[in-house]
Structure formats: structure tokens, C-alpha cells
Enquirer: 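Handing you this structure, nothing more for now.
Lettering follows sequence order; numbering is per chain, from 1.
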Number of protein chains: 4
Amino acid sequence: MPNEKGPDHSRRKERSRQAILAATRALVAEEPYEKVTVEAIAARAGVGKQTIYRRWPSKSAVVFAAFLALSEGADGPGEGADGPAVALPDTGDLGADLRLVLRATAEEFADPAFDRLIRALTTEIANDAVLAAEYQEKLAQPLEEAKKARLRSAQAAGQLAADADLDLFLDLLYAPLFQRWLHRAGPLTADYADALVDAALRAFAP
Amino acid sequence: MPNEKGPDHSRRKERSRQAILAATRALVAEEPYEKVTVEAIAARAGVGKQTIYRRWPSKSAVVFAAFLALSEGADGPGEGADGPAVALPDTGDLGADLRLVLRATAEEFADPAFDRLIRALTTEIANDAVLAAEYQEKLAQPLEEAKKARLRSAQAAGQLAADADLDLFLDLLYAPLFQRWLHRAGPLTADYADALVDAALRAFAP
Amino acid sequence: MPNEKGPDHSRRKERSRQAILAATRALVAEEPYEKVTVEAIAARAGVGKQTIYRRWPSKSAVVFAAFLALSEGADGPGEGADGPAVALPDTGDLGADLRLVLRATAEEFADPAFDRLIRALTTEIANDAVLAAEYQEKLAQPLEEAKKARLRSAQAAGQLAADADLDLFLDLLYAPLFQRWLHRAGPLTADYADALVDAALRAFAP
Amino acid sequence: MPNEKGPDHSRRKERSRQAILAATRALVAEEPYEKVTVEAIAARAGVGKQTIYRRWPSKSAVVFAAFLALSEGADGPGEGADGPAVALPDTGDLGADLRLVLRATAEEFADPAFDRLIRALTTEIANDAVLAAEYQEKLAQPLEEAKKARLRSAQAAGQLAADADLDLFLDLLYAPLFQRWLHRAGPLTADYADALVDAALRAFAP
DNA sequence: CCATAAGCGAGACGGTACGTCACGTCTTAGA
DNA sequence: TCTAAGACGTGACGTACCGTCTCGCTTATGG
């Protein structure tokens with residue numbers, strides 16, 4: 001019982017939906033963001049503007065959906081809602097694992113295409129409380145939860161204080177990287193990543 | 001010898017400049033940012049659009065200048081370029097001083113007018129590398145320097161590790177607050193501020 | 001042998017056809033013409049747009065058909081193609097009969113609903129040569145023929161010149177009324193109708 | 001005291017105004033009317049759409065203005081408001097003069113460019129009472145007056161009944177030609193023009 | 001007396017043009 | 001000389017309909 005009313009145009013719907021999101025990602029990744037107009041997206045997707053406006057209320061929402069779809073993997077309809085089960089490496093050495101992950105994050109931000117995409121997303125989220133809430137719920141929290149799972153494992157292994165505030169730990173770890181990237185306040189080096197990991201671990205040592 | 005060339009139209013210039021910046025601040029503080037147009041600024045300032053474009057290349061630059069002027073105090077022409085000598089309290093108790101400052105910062109962000117202003121600024125900076133550099137030079141670095149002065153005093157008093165990376169310390173302290181505010185990821189409470197101070201101090205204990 | 005292929009769905013066909021034409025007439029009569037869209041007609045008729053496009057190539061054609069059906073009376077399919085036998089009154093006094101008819105025509109134009117309908121029809125005909133031809137054949141010529149029958153009777157009675165050009169006579173009679181109405185050049189009074197009759201009769205007196 | 005408020009941008013204004021009207025005339029004359037869009041006019045005139053909408057409320061009004069400007073000759077600003085003094089030929093032979101004029105009118109309608117232009121104008125006027133009134137005042141009445149001047153001269157010469165209703169005479173003369181053209185009811189031949197003149201003269205013989 | 005296939009309502013689709021808004025430039029009158 | 005005022009060319013906005021298409025349901029026989 002997938003549809004509740006009206007005929008099921010899901011095939012066409014799905015095709016155009018994917019075309020729109022792919023076009024959005026492509027444009028955001030390769031053009032300066034002010035050139036990413038709804039008209040350009042429609043043209044690139046081979047779609048009428050109305051087809052975009054029928055589904056999303058604003059360019060922000062499209063950009064957000066484009067990013068969301070990316071994170072959800074294949075994201076076909078009827079897919080599992082519990083997500084693609086992100087998980088951090090767990091070699092038993094928390095410091096090493098975190099260094100690996102944080103270095104990878106730093107490198108990701110260095111990719112110009114990804115930089116443009118995430119910068120666009122950040123801009124839209126910063127100026128739209130509704131999108132911000134959806135971002136927290138659909139993207140940030142699941143990811144945080146995966147990270148906290150790794151931290152709990154470290155707590156059990158006695159590598160973190162038993163009463164450590166894991167949310168705070170993650171903030172200490174990631175926020176400085178994010179801010180440095182957003183404000184272009186300095187290079188996102190492996191050294192910086194390592195220093196962050198070390199400091200966070202010191203702050204919450206057992 | 002206040003003006004260097006031509007007749008003395010500097011009074012009118014300065015008056016209109018101030019009117020433009022004040023109008024920009026007022027609009028940014030009270031309207032949703034997409035309604036802050038150059039035309040609205042010009043109308044509010046009682047100024048022709050061209051007078052704005054003659055001085056700044058884009059709306060971003062005006063918004064930035066408006067914020068910059070705010071931080072520079074009265075910012076009359078010919079004022080001291082070395083700034084208004086920001087300084088953090090120094091009671092001798094680093095933890096107490098930092099808690100005070102960080103709680104104040106958190107409260108500042110809670111003011112809707114300031115929220116809109118700094119959000120606009122952040123948006124413009126995030127998408128314009130030139131503005132970002134100017135922001136670093138004119139606003140961020142002086143402020144960081146003032147904060148680091150206080151930290152060096154703490155180092156001398158043996159309240160921080162002698163080899164502590166002060167930039168990193170400040171990142172740990174401020175970035176989580178900034179990120180939480182920008183993404184509306186949680187409330188900016190005094191408790192959160194205190195927890196940040198405690199964690200940072202633990203990470204760089206002597 | 002009413003239908004040539006497939007099962008006979010003529011009842012549904014006929015019902016929807018009538019619904020479309022009725023909806024078109026209703027809309028044209030009560031709305032400004034630019035609001036008469038194919039979508040509005042379909043909605044009002046409780047019909048899909050495709051059902052309209054399956055039968056007529058354009059809105060013009062629908063409007064024309066709606067008017068045509070009106071003139072053909074009940075216009076069920078298979079009806080007599082020779083029409084409903086329009087006939088002008090023939091009291092023996094040509095002047096009196098024409099005054100009666102022309103005054104009635106003038107009054108018809110004064111009805112706002114009829115005004116809108118005929119104005120829409122005129123607009124479509126004026127800009128579409130195919131419709132114009134169909135209009136001449138299906139509506140104008142039969143009516144002209146009925147009028148000419150009355151005129152021939154008058155000729156036989158010696159009330160019109162034996163060699164009078166009856167088409168021209170009718171043009172003199174009706175075209176000024178039509179033009180005055182179309183251009184809103186003046187009121188369509190009984191006096192004006194009478195003056196037209198008198199002038200035409202003088203021009204073709206025996 | 002030409003302008004009442006604000007600076008006088010009349011040079012640019014006038015240049016763009018002329019460009020718009022010329023482009024409109026060109027497009028209407030050479031394209032099917034549904035392709036004459038405001039965007040096409042703007043593009044052809046090398047003008048922004050807004051410049052059109054700033055001056056006229058709708059396409060109808062632009063088309064009308066384009067036609068009006070044509071009739072007013074050079075129509076520079078500040079020109080004589082009493083018009084270009086249209087006058088009919090007056091050889092003393094009313095019948096001959098009218099035949100000449102009516103034949104010329106018939107030929108004019110046969111020119112495809114003029115046909116399209118006047119058909120567009122007629123369509124717009126037929127569906128807009130405001131334009132219709134302006135048409136009567138600015139175009140129809142001055143022309144009628146010129147024609148009536150010639151008829152009064154004929155009355156004085158005893159070629160028309162002294163008490164003839166000259167408006168009615170003109171309606172008899174021109175309306176049949178107009179209607180035949182508008183409805184494409186028949187060819188606009190010289191013979192038809194002559195027949196109209198003869199009939200009208202018979203109707204209003206002295 | 002169903003089985004079936006044509007026709008139907010609904011409405012999404014790729015488009016075009018609409019009329020509006022703000023951009024950044026240009027022009028003018030006047031202080 | 002520089003300003004305020006504001007018109008200009010440009011281009012994106014979000015909306016309305018166009019005419020086409022695809023769905024699943026209705027319906028009236030013909031097997």
C-alpha cells in the first residue's frame with residue numbers, strides 16, 4: 001500500500017527526482033554558488049522549473065535534498081530507513097582510530113568540489129532554521145551516534161573517563177576543524193588533526 | 001591636512017558613509033537577510049545607490065564594513081589604527097575569567113539582532129575568500145591576540161602548560177560554541193560554556 | 001453501424017462532450033475571456049484535459065464548437081444536418097419585419113453573457129482562417145440564406161428592386177450594427193436599428 | 001516647464017520608447033500574433049522587459065501605442081496635438097472621390113503586414129473597453145471628422161440630402177468592408193468598394 | 001456473466017511566457 | 001564636483017497554462 005491517493009506516477013517521478021538532485025550536485029560542485037540557479041538546475045536536469053518547485057519550496061531545500069540523497073547512498077524508494085550503518089574503525093586504539101578519521105575529514109574538505117558542496121549546504125542551513133533542524137535530525141545526529149558508539153567502546157576499554165560527556169568530546173574534536181575550514185583560518189593539515197585528537201584525549205583521559 | 005586631494009567634500013562623504021553603515025546594521029538586525037538589498041540600504045540611508053557602489057564593490061563588502069565599523073568603536077576618520085585595545089579580564093584566576101568571557105559570548109549570540117548580524121557576516125565570509133582574509137586580519141587576529149595575551153599571563157602563573165599551543169587552546173574553547181550556534185545544534189547555556197572552559201583547561205593543564 | 005472499431009462507448013463520449021461544451025459556454029459567459037483556460041474548462045466539466053484535446057485541437061476550436069452546438073439546438077449526433085430551419089417573420093411588410101429583427105439583434109448584443117460569448121467567438125475567428133471558413137459555412141451562410149429568402153419574397157412583392165444585390169443589402173443592414181458593437185462605438189438603440197433599415201431600404205428601393 | 005518632478009531622462013526615455021514601438025510594429029507585421037510576446041518585443045528593441053512594463057500595463061497597450069504612434073506620424077514629444085490634418089480628396093465629384101478612397105482602403109487591408117497589424121489591434125480593442133474608448137477618441141473620431149468634412153462639402157453642393165445623417169452614411173460605407181475583411185467573408189475587390197459607394201449614395205441621395 | 005480493452009479523471013511532465021525584483025551601470029538636475 | 005534620484009539592460013525569480021504523457025479506474029459489451 002505505497003500510495004494513498006491518485007495514480008502512481010512513481011517511475012517518472014523518481015527519474016526526474018534523481019535527475020534534479022544529480023544536476024544540483026554537479027552544478028554546486030563545479031560552479032560558484034551564485035550561478036547555481038533553479039533555472040540552471042532545471043536546464044541541466046532536462047526538467048521544467050515547475051517540476052522542481054512542485055517538490056521543493058526553495059533552492060535551499062533542493063540543495064539540501066541533493067546532499068541528503070548523497071549521504072543516503074542509493075536511496076531508492078522503499079529502502080531501509082535505518083540508514084547505511086555508518087561505523088567508525090575500531091582497532092582498539094582510540095587515538096589511532098580518531099587520528100585516521102579526523103585526517104580523512106580534513107582531506108575531504110580540501111577537495112574543491114566537496115568544499116563547494118558543503119559550503120553551499122552550510123550557508124543554506126545557517127540561514128534557515130527549518131533546514132537546520134532537518135540537518136540535525138537526518139544527517140548530524142545519526143553520524144554523531146555512530147561516533148559515540150566508538151567512544152563508548154573506548155570508555156569500556158578504559159581509554160576515556162567513564163563519566164566523559166561524549167557530545168562535548170565530539171564538539172572539541174570536530175568544531176575546531178570545521179571552523180578553521182569555514183573561515184579559511186588556516187590549513188587543514190594532518191598535524192592539526194592530530195593535535196586536536198591529542199588535546200581531546202587529554203581533556204577526557206580516564 | 002586632513003584630506004589629500006581636491007576640495008574638502010570630506011564632510012559629506014563621511015556623513016553619507018556613516019549613514020550607509022548605520023542603515024546596513026539596522027536593516028540586517030531587524031529584517032530577514034534576503035530583504036537586505038542595496039536598494040533598501042540606500043533608501044534607509046537617504047542616499048543614492050551609486051554612492052554605495054562608489055565605495056564598496058558588493059553588498060557583502062558593505063555588510064562587512066558595517067560590522068567592522070561596529071567593532072572599531074566610534075571609528076571616526078583619522079582614528080588610531082591600532083584599535084581600541086580589547087583586553088580580557090585578568091583576576092589571576094584563569095578558569096573564572098574564561099568562564100566569564102565565554103558566558104558573555106554565549107549570551108551575545110542569543111540576542112536576535114546580533115544573531116542576524118553575525119549570521120549575515122558569517123554567510124558572506126564563508127563564500128568570499130577575500131572577505132575571509134580581511135576578516136582574519138582586521139577582526140579575528142587582533143581579538144585572538146588579546147585572548148592569547150591573557151593566556152600567556154596564565155602560562156607565566158603556571159595555570160597552563162608552558163608548551164601549550166595557545167591557538168589550539170582558543171580553538172577548543174570557541175569553535176564548539178560557534179558551531180553549536182551556527183547549526184542551532186543546541187542551547188548556548190552557561191553550563192555549556194563552563195564545560196568548555198573546564199575541558200580546555202584539562203587538555204592544557206600544566 | 002454507428003461505430004467503426006471497438007466497443008461502443010458512445011454514451012460516455014457524448015456525455016463528456018456535452019459537459020465540455022456546456023462548461024465552455026458557462027465560463028465564457030461569466031468570466032473575462034483570458035480566464036477561460038483549457039484547464040478551467042476541464043475542471044468545470046469534471047473531465048480530464050486529454051479528453052478535450054482528443055476531440056479539438058485548440059481552445060479556439062472548443063469555443064467555436066460550444067457556440068456551434070448552441071446554434072444547432074439539441075445537436076445530438078445523427079441529427080438532421082439541414083439545421084433547425086431558421087426563418088424570418090414575413091408579415092408582408094418588409095420594413096416592419098426588418099425593424100423587428102434588427103432591434104432583436106441589437107438587444108441580444110446588449111446581454112453581457114451573450115456579449116462575452118460572441119466577442120470570444122469573434123476574436124477566435126478573426127485570428128484563425130480555418131475557423132473563419134467553418135464559421136462562414138456552418139453559421140453565417142445558412143443564416144444569410146434564411147434572410148435572403150425573406151428578401152426574395154419582398155422582391156416578388158415589389159418592395160425591393162428586382163435587381164438588388166441581396167448580399168450587399170444584408171451587409172448594409174448588419175455590418176454597421178456589428179461594427180458599432182465590436183468597437184463599442186455607440187449604443188445599440190432601436191432608433192439606430194430603424195435608421196439602418198430605412199437607409200438600406202432607400203438604397204434598394206424598386 | 002516640461003517636467004513636473006524628478007530629473008529629466010527624456011532623451012533615453014524617448015529613444016527606448018521609439019525602439020519599443022518600432023519593434024512591436026515590426027514583430028506584429030511579420031509574425032503570427034501569438035508569437036508577439038513582451039519578451040520578444042524587448043529583445044528586438046534591445047530593451048529590458050521592465051522598461052516596457054514601466055510604461056504600459058499590458059501587451060495590448062503596447063500594441064495599441066505602436067499603432068497610435070504610426071498614425072501620429074513623427075510623433076515627437078511636444079508635437080502639435082491637433083494631428084496631421086488628414087483630409088479626403090475633394091474633386092467636386094463625391095462618388096468618384098469615395099470610390100477612390102474606399103478602393104484604397106480595400107487595398108490596404110490586402111497587405112499582409114497591415115492585415116496582421118490591424119487584426120491584432122482589432123482583437124485587443126474588442127476585448128478591452130478602455131483601449132476601445134482610447135481608440136475611438138484618438139483614432140476613429142478624428143478620421144470620421146475628416147470624412148464628414150468632405151460629406152458636408154457634398155451636402156453644400158447638393159450631392160447628398162441636406163438632412164442626411166453623416167455618421168450613418170459612413171457606417172454604411174465602411175462597416176461592410178470591415179466586416180467582410182474581419183470575417184474573411186469575401187474578397188475586398190474594387191467592385192465591392194464601388195457597390196458600397198453606390199448603395200450609400202442612393203440611400204442618401206438629395 | 002464475467003473478461004477485457006477502450007476511454008476516462010486525474011494530474012505530473014517539459015516547456016514558454018508571464019509580470020516582479022534586485023542587480024550594478026548610467027544619466028540628469030540640483031546643491 | 002559630487003550627490004539623490006531613479007531609469008536602464010540584465011537575468012533569476014516563482015506562477016500560470018500550454019499540449020503531451022502516463023497512470024489506475026470505470027464501464028459496456030462480446031466471448
Side-chain angles (χ1 to χ4, degrees), chain A residues 3 5-13 15-17 19 34-40 42-43 45-55 57-59, chain B residues 6-10 12-13 15-16 34-40 42-43 45-54 56-59, chain C residues 3 5-13 15-16 19 34-40 42-43 45-54 56-59, chain D residues 3 5-13 15-16 34-40 42-43 45-55 57-59:
Chain A
N3 56 327
K5 51 178 177 175
D8 181 11
H9 294 145
S10 55
R11 247 98 57 115
R12 300 175 78 196
K13 262 178 132 151
R15 221 179 309 137
S16 66
R17 185 192 159 83
E34 71 263 25
K35 299 201 77 176
V36 181
T37 66
V38 174
E39 269 169 357
V47 139
K49 260 195 299 181
Q50 199 63 57
T51 302
I52 296 179
Y53 283 112
R54 213 174 285 130
R55 291 188 208 295
S58 63
K59 192 181 62 171
Chain B
D8 183 8
H9 291 138
S10 56
R12 297 174 77 190
K13 264 176 141 151
R15 223 180 306 135
S16 67
E34 71 263 23
K35 300 201 75 176
V36 181
T37 66
V38 174
E39 259 156 11
V47 140
K49 269 197 294 180
Q50 197 57 241
T51 303
I52 296 180
Y53 283 111
R54 215 172 284 130
W56 296 279
S58 66
K59 191 179 64 169
Chain C
N3 55 329
K5 51 179 177 176
D8 182 7
H9 292 137
S10 57
R11 248 125 24 155
R12 297 175 79 194
K13 263 176 141 152
R15 223 180 308 136
S16 66
E34 72 262 24
K35 300 201 75 175
V36 181
T37 66
V38 174
E39 263 160 7
V47 139
K49 267 197 294 180
Q50 197 58 235
T51 303
I52 295 178
Y53 282 112
R54 213 174 286 131
W56 296 280
S58 66
K59 190 179 67 169
Chain D
N3 56 328
K5 51 178 177 176
D8 181 10
H9 295 144
S10 55
R11 248 97 58 117
R12 299 176 79 196
K13 261 178 133 152
R15 221 180 309 135
S16 66
E34 72 261 24
K35 299 201 76 176
V36 180
T37 66
V38 174
E39 270 169 356
V47 139
K49 258 197 298 181
Q50 200 62 58
T51 301
I52 296 179
Y53 283 112
R54 227 183 318 258
R55 293 189 206 295
S58 65
K59 192 179 64 171

Enquirer: Pick the closest DNA chain E nucleotide for D/Glu34 and for B/Glu34 by heavy atoms, then say which residue is nearer the 5' end.
Expert: D/Glu34

Enquirer: Between B/Arg54 and A/Pro57, just flag the one whose closest nucleotide in DNA chain F comes earlier from the 5' side.
Expert: B/Arg54

Enquirer: Find the distance D/Ile52:CD1 to F/dA7:P and express it as a whole number of Å.
Expert: 16 Å

Enquirer: What nucleic acid atoms does B/Ser58 come within less than 4.0 Å of, heavy atoms only: base, sugar-phosphate, or nothing?
Expert: nothing

Enquirer: What residues form a salt bridge (charged side-chain N to carboxylate O under 4.0 Å, His left out) with A/Lys59, not counting sequence neighbours?
Expert: none

Enquirer: Grab the two heavy atoms, one from B/Val47 and one from B/Ile52, that are nearest each other, plus how far apart they are.
Expert: CG1-CG1, 4.2 Å

Enquirer: Kindly write out the residues that satisfy side-chain contact (heavy atoms from CB on, under 4.5 Å) with B/Arg54, not counting sequence neighbours, or none if the list is empty.
Expert: B/Gln50, B/Thr51

Enquirer: Do you know which two heavy atoms are closest between C/Gly48 and C/Ala42, and how far apart they sit?
Expert: C-CB, 4.2 Å

Enquirer: Ignoring backbone atoms, test whether B/Thr51 places a side-chain nitrogen or oxygen under 4.0 Å from the OP1 or OP2 oxygen of F/dT3.
Expert: no

Enquirer: Can you name the nearest heavy-atom pair linking A/Arg55 to A/Ser16, along with the distance?
Expert: NH2-OG, 3.0 Å

Enquirer: Could you state the OH-C1' distance from D/Tyr53 to F/dG6, rounded to the nearest angstrom?
Expert: 21 Å

Enquirer: Figure out the NZ/C1' separation between A/Lys13 and E/dG14, and round it to whole Å.
Expert: 16 Å

Enquirer: Rounded to the nearest Å, what distance is computed from the NZ atom of residue D/Lys49 to the C1' atom of nucleotide E/dT20?
Expert: 9 Å

Enquirer: Please state how far atom CD in A/Glu39 lies from atom C1' in F/dG11, giving the value in whole angstrom units.
Expert: 8 Å

Enquirer: Given that D/Val36 and C/Ala45 both sit by DNA chain E, which one's nearest nucleotide is further toward the 5' end?
Expert: C/Ala45

Enquirer: Would you say E/dA17 has OP1 or OP2 under 4.0 Å from some side-chain N or O of D/Thr37?
Expert: no

Enquirer: Rounded to whole angstroms, how far apart are CD on B/Gln50 and P on F/dA7?
Expert: 15 Å

Enquirer: Using whole Å, report how far CZ of D/Arg15 lies from P of F/dC8.
Expert: 10 Å

Enquirer: Need one value for D/Arg55: base, sugar-phosphate or nothing, where a base atom within 4.0 Å counts as base even if backbone is also close, heavy atoms only.
Expert: sugar-phosphate

Enquirer: Start at the 5' end of DNA chain F and walk down; is the nucleotide closest to C/Lys59 or to D/Gly48 reached first?
Expert: D/Gly48

